[in-house]
Amino acid sequence: MTTQNPGLFIAFEGGDGAGKSTQTAELAGALEARGFKVLRTREPGGTPIGEKLRSLVLDHGHGHIDAHTEALIFAASRAAHASQVIRPALEQGQIVLTDRYIDSSVAYQGAGRDLGTDAVREINEWATSGLQPDLTVLLDVDPAVGRRRRTAGDAAEDRLESEADEFHARIRAAFLDLAAARPEKYLVLPAHLPVEAISARILERVASLLALSGSVPA
Ligand code: TYD
């Protein structure tokens, strides 16, 4: 379906607490029920080396990590993920749903950490040999709402989540800018809508992509 592969590649993006993992699971279930083979994965992580890098970069207790090192760890994790997991699944014709991809680095490290969105995009395009999603679902969340959601039940915040609301506001603006620059590749939904309303909109958009490719759901 993609211009590059027989499969379909969908990324879920958004601030912390936007509900990405819920929506990724919902879409995977709906597609599997229609007979599609779906691979659900996430970043940072998705491979053994990626999971190690995930804990290095997210857990507290590794001392100070400067912004460039942080960006390169996310890019290294993504390089492994793209070549070992995502590309092979797409080549087999699977639908790949990833919880976060390059846009997360552009928003968090490029805008949030102020490394520059172009520089961060470039290292990530190099790291993934240019593998781009067919569609990015952006769940747009107000940073204060996101923080309330993720700390409900006393869940501890990781290194990035525990940054100030101002950091998260820069990230939100960067995600919206990315979507505005290429609207045909994005579906932007307000994260405060009911879960079912969001999943219905996502399924509708994905079904139309699949119909375009001739892979009509069973
Ligand atoms: P995520 O796995 O979505 O958080 P959780 O599962 O704990 O809710 O992402 C972990 C954190 O890493 C999140 O704060 C966003 C951040 N992140 C980046 O800063 N850059 C990146 O490239 C990625 C993939 C994540």
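Just follow the structure's listing: the first ligand is 1, and inside any ligand the first atom is 1.
Interface atoms of ligand 1 facing S105, defined by a heavy-atom separation under 4.0 Å, are 21 (C), 22 (O). Which parts of ligand 1 touch P44 is read off a 4.0 Å heavy-atom cut-off, strictly below it: atoms 24 (C), 25 (C). Listed by atom number, the atoms of ligand 1 under 4.0 Å from L160 heavy atoms are 14 (O), 16 (C), 19 (O). Residue-ligand proximity, D16 to ligand 1, at heavy-atom distances under 4.0 Å covers atoms 13 (C), 14 (O).
Of the charged side-chain nitrogens involved, none lies within less than 4.0 Å of a carboxylate oxygen, so that K20 and E13 do not count as a salt-bridged pair. A salt bridge between D59 and R159 is absent, with no side-chain N of the basic residue lying under 4.0 Å from a carboxylate O of the acidic one. Salt-bridge formation is not detected for the pair R148/D142: no Lys NZ or Arg NE/NH1/NH2 atom is positioned less than 4.0 Å from an Asp or Glu carboxylate oxygen. Using a 4.0 Å cut-off between a side-chain N of Lys or Arg and a carboxylate O of Asp or Glu, R147 and E163 do not qualify as a salt bridge. Under a 4.0 Å N-O distance rule, the pair R87/E91 does not qualify as a salt bridge. Salt bridge K37/E32: absent, no basic N to carboxylate O contact under 4.0 Å.
Between the side chains of Y186 and R205, no donor-acceptor pair is found at a separation under 3.5 Å. The closest side-chain donor-acceptor pair between R54 and S77, if any, does not fall under 3.5 angstrom.
For atom 12 (O) of ligand 1, the closest heavy atom belonging to the protein is L58 CD2, 3.4 Å. The shortest contact between atom 24 (C) of ligand 1 and any protein heavy atom is with R78 NH2, 3.4 Å. For atom 1 (P) of ligand 1, the nearest non-hydrogen atom of the protein is R100 NE, 3.6 Å.
With a heavy-atom cut-off of 4.0 Å, D158 touches ligand 1 through its side chain alone. The proximity of I102 to ligand 1, defined as any non-hydrogen pair under 4.0 Å, does not occur for either the backbone or the side chain.
For the residues E161, E13, E70, R42, the heavy atom positioned nearest atom 4 (O) of ligand 1 is part of E161. Taking only non-hydrogen atoms, the option from Y108, F12, Y101, F74 nearest to atom 25 (C) of ligand 1 is F74. The nearest non-hydrogen atom to atom 2 (O) of ligand 1, considering only R54, H81, E157, R149, comes from R54.
At under 3.5 Å, a nitrogen or oxygen of Q109, whether backbone or side chain, sits near a nitrogen or oxygen of ligand 1.
Residue-ligand proximity: R150 is placed with every non-hydrogen atom at 4.0 Å or more from ligand 1.
Around atom NE2 of H62, more than 12 heavy atoms belonging to other residues, nucleotides or ligands sit under 6.0 Å away.
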